*Asks:* 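Take a look at the following structure, please.
Note that this is a predicted model, so its numbers are computed, not measured. Numbers restart at 1 for each chain; the letters A, B, ... are given by sequence-line order, proteins then strands.
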Amino acid sequence: MPAPFSRDCQISGDAVATRSPLPNVAAALQKSKTIRILAIGASAARRSTRGGHIGGILQQAIKGLDVVMINRGVSGELAAQAAARITTEVALNEPDLVLWQIGTNDALAYVPLADLETTIVDTVRWLKEHNVDVVLVGLQYVNSMEQDDNYRAVRDLIRRIGTQENVMIVRRPEAQRMLSHAAVSGGGLEPDEFERSEAGYTCLAQYVARAITLGLFGAGNPPRQPQQPAPLRPAPAPQN
Amino acid sequence: MVRQPNQVDFWRGVALVSIFINHIPGIYYSRFTHAAWSISDSADLFVFLAGWALRLLVGMPGRQQALWYLVLRLFGRALTLYAAQILITMLAIAMLASTAMLLDNPLILEWNNAAAVFNEPIPTHIGLVGLTHQLGYFDILPLYVVLMTLAPFIAILDRFAPNAVLPISLLIYCVTLTFQIGIPTWPVEGNWFFNPLAWQLTFVLGFTLARPDGLGGFARRHIVPIRWVALPIVILGTILMFTMWWPDPTKMPPPRLFFILDKTFDTPPRVIQFLAFIAVVSATYPYIFKFLPWLVAFLSRFGRNSLYVFCVGSILSLAGQIIRNFYQGNVAIDTVVVVCGVAILALTAWLPEWREDVKVQRGTQPALSS
């Protein structure tokens, strides 16, 4: 069953994450009841003080499951640097799933979108080639940035890559926006964006755990067209 | 009386300017630093030259200070570096917080690993003081603090068993890479970006190669053939950087860290390329000195005042990130950031020497160099 949300984080499960299968996590689960998750990016790697953490939530949701969390939350780095580190960490830790928080530093540094797209797509494909599933965690939702073209472009780019590469995305902006609206429509005040981040991290852990369980027990996963593997840098491998 | 411009101070100055530029991610001018075409970058140069400078502080064989005085001085130096790290971290946090408030943009609070400072202040402040929480791009100085804390032990070992320093360093390095021993961060889980157990090798290599005898003497006597061996390594590294070609790390035999490119563990391909790089690039110094003496004088001053310049450079890099964000990053604003940044760094390097000059003229004791 999907991992549950706490009361503060209640929103529609489908709004939280796109549905995409996690075949390598499922295979690991079937084989040994143990899954290894590599978390890259500071928010993804955080162990929330209030709402538990991704591994703990997953273990509660799936009986007998052992989750090994490998947190490599170096922050400040751009996607290009994180991508290089992901290949190394995969070689060293052999995870079944990479949880990659992406976009914030690149959006703030105004990294050209084409470069960012190449980095993410190449890395996602490299991971797939190496039998590692990936979940992308998007940008933080910020009201004042909704009118910022670059912020929206990075957010949309991550969504588009998710669809194109059939990769699960935790829709952090949408989830945070829905939480804000829910608070207002429930008679409360909209939480201050400067103050709600800790709750945001708690919910983020729950959304990621939910996304993983949905990916694992993928009933209702929409059918997708198989992707033609695109050439990887630097040497395109001909497909036979 | 300040030191005359020399090769060590000059290259240290080069490293400091490179670090300032490369710590502004996305900036146009980073393509002109050697990190763009070299496997190793200015961090390697900075740590290596810190080891070299330690040799100058410890003294050459036959011209050494009293051991107790040396140990106290080195611990004092480590304490100064630690204080500098705390100061620049606090300034950085204040800069991020005030920018987020001014621009009404809490996204900035997530920048450079700062989010935990604002969202979990209680454990994170413990982490900041304990150096287990480091902001992005503010992670070299913690490495330097650890290395300088180890420096008294290196100095003692060097005094009584000089030939054991490098083998012990290599042993620690190999054990670290074999068992993938990382230094954990907290409260954000992860590892130190610069693993001191691995990076101490580059520091000790600088310390060892600065010796006039032993390995350092050997390198000086055979520098020409060494450069011929080093040149193809540097060229190969450049080709790798431009083609992005490197063997798949998952196909490497265990222990994999010995064969893959990794900055955190300062892996052997990186160390080897760096040693080759300095062997080749050091050949250019006499020509730079001859044809661009003003540049040598200018950058040597940075090197002589490296701690001040490094600290101000770290803050300026963050300021550069913020300015780029505000003006949506373009070549014109990047030019302004680099020109103004280097000018402020030059002022930073000039001020302590001017202060010393004034003191000397007034007949008081000169201040300690940074």
*Asks:* Applying salt bridge (Lys or Arg N to Asp or Glu O under 4.0 Å), can you list everything that pairs with B:D266, at least two apart in sequence or on another chain?
*Replies:*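 With sequence neighbours excluded, B:D266 shows a salt bridge (Lys or Arg N to Asp or Glu O under 4.0 Å) to B:R270, given in chain and number order.
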*Asks:* If you measure from NE2 on A:H130 to NZ on B:K251, what distance do you get to the nearest 0.5 Å?
*Replies:*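 A:H130 atom NE2 to B:K251 atom NZ measures 4.0 Å (nearest 0.5 Å).
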*Asks:* Run B:W111 and A:N105 through side-chain contact (heavy atoms from CB on, under 4.5 Å) and show every step you take.
*Replies:* CA-CA 6 Å; B:W111 216 353; A:N105 292 320; 3.0 Å; yes
*Asks:* Please round to the nearest 0.5 Å and tell me the distance separating atom CD of A:E77 and atom OH of B:Y137.
*Replies:*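 So the gap between those two atoms works out to 7.5 Å.
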*Asks:* Nearest 0.5 Å please: distance from the CD atom of B:E189 over to the CE atom of A:M69.
*Replies:*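 If I round to the nearest 0.5 Å, the distance is 8.0 Å.
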*Asks:* Using 0.5 Å steps for rounding, measure from the OG1 atom of A:T88 to the CZ atom of B:F265.
*Replies:*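 A:T88 OG1 to B:F265 CZ: 10.5 Å, rounded to 0.5 Å.
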*Asks:* Taking CZ in B:F32 as the centre, count heavy atoms belonging to other residues, nucleotides or ligands within less than 6.0 Å. Is the count above 12?
*Replies:*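 Enclosed.
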*Asks:* Determine the option with the most heavy-atom pairs under 4.5 angstrom with chain B, choosing from A:L78, A:V111, A:D148.
*Replies:*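 Of the candidates given, the most pairs with chain B belong to A:L78.
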*Asks:* Among B:T264, B:L257, B:D248, B:L261, single out the residue with the greatest number of heavy-atom pairs under 4.5 Å to chain A.
*Replies:*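 Max contact count across the listed options: B:D248.
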*Asks:* I would like to know whether B:W246 and A:T87 meet side-chain contact (heavy atoms from CB on, under 4.5 Å); could you show each step before the answer?
*Replies:* CA-CA 11 Å; B:W246 188 259; A:T87 58; over 6 Å; no
*Asks:* Quick check against the 3.5 Å criterion: does B:R256 have a side-chain atom that pairs as donor or acceptor with the backbone of A:A91?
*Replies:*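 At least one qualifying donor-acceptor pair exists.
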*Asks:* Atom CD1 in B:I260, atom CG in A:L92: separation rounded to 0.5 Å?
*Replies:*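 If we round to the nearest 0.5 Å, B:I260:CD1 and A:L92:CG are 4.5 Å apart.
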*Asks:* Before you tell me yes or no, could you show the steps for A:W126 and B:T250 under side-chain contact (heavy atoms from CB on, under 4.5 Å), namely the whole-Å CA-CA distance, both residues' side-chain angles and the distance that decides it to 0.1 Å?
*Replies:* CA-CA 11 Å; A:W126 186 89; B:T250 63; 3.8 Å; yes
*Asks:* Over all heavy atoms of both residues, which pair between B:P25 and A:A109 is shortest? Give the atoms and the distance, please.
*Replies:*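 That would be O-CB, 3.7 Å.
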*Asks:* When you measure from the side chain of B:N325 to the backbone of A:L108, do you find a donor-acceptor pair of N or O atoms at a distance under 3.5 Å?
*Replies:*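 Such a contact is found between B:N325 side chain and A:L108 backbone.
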*Asks:* Between B:Q180, B:Q321, B:R324, which residue shows the highest count of heavy-atom pairs closer than 4.5 Å to chain A?
*Replies:*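 It is B:Q180.
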*Asks:* When rounded to the nearest 0.5 angstrom, what distance separates CG in B:N330 from OH in A:Y110?
*Replies:*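 Result: 10.5 Å between the selected atoms.
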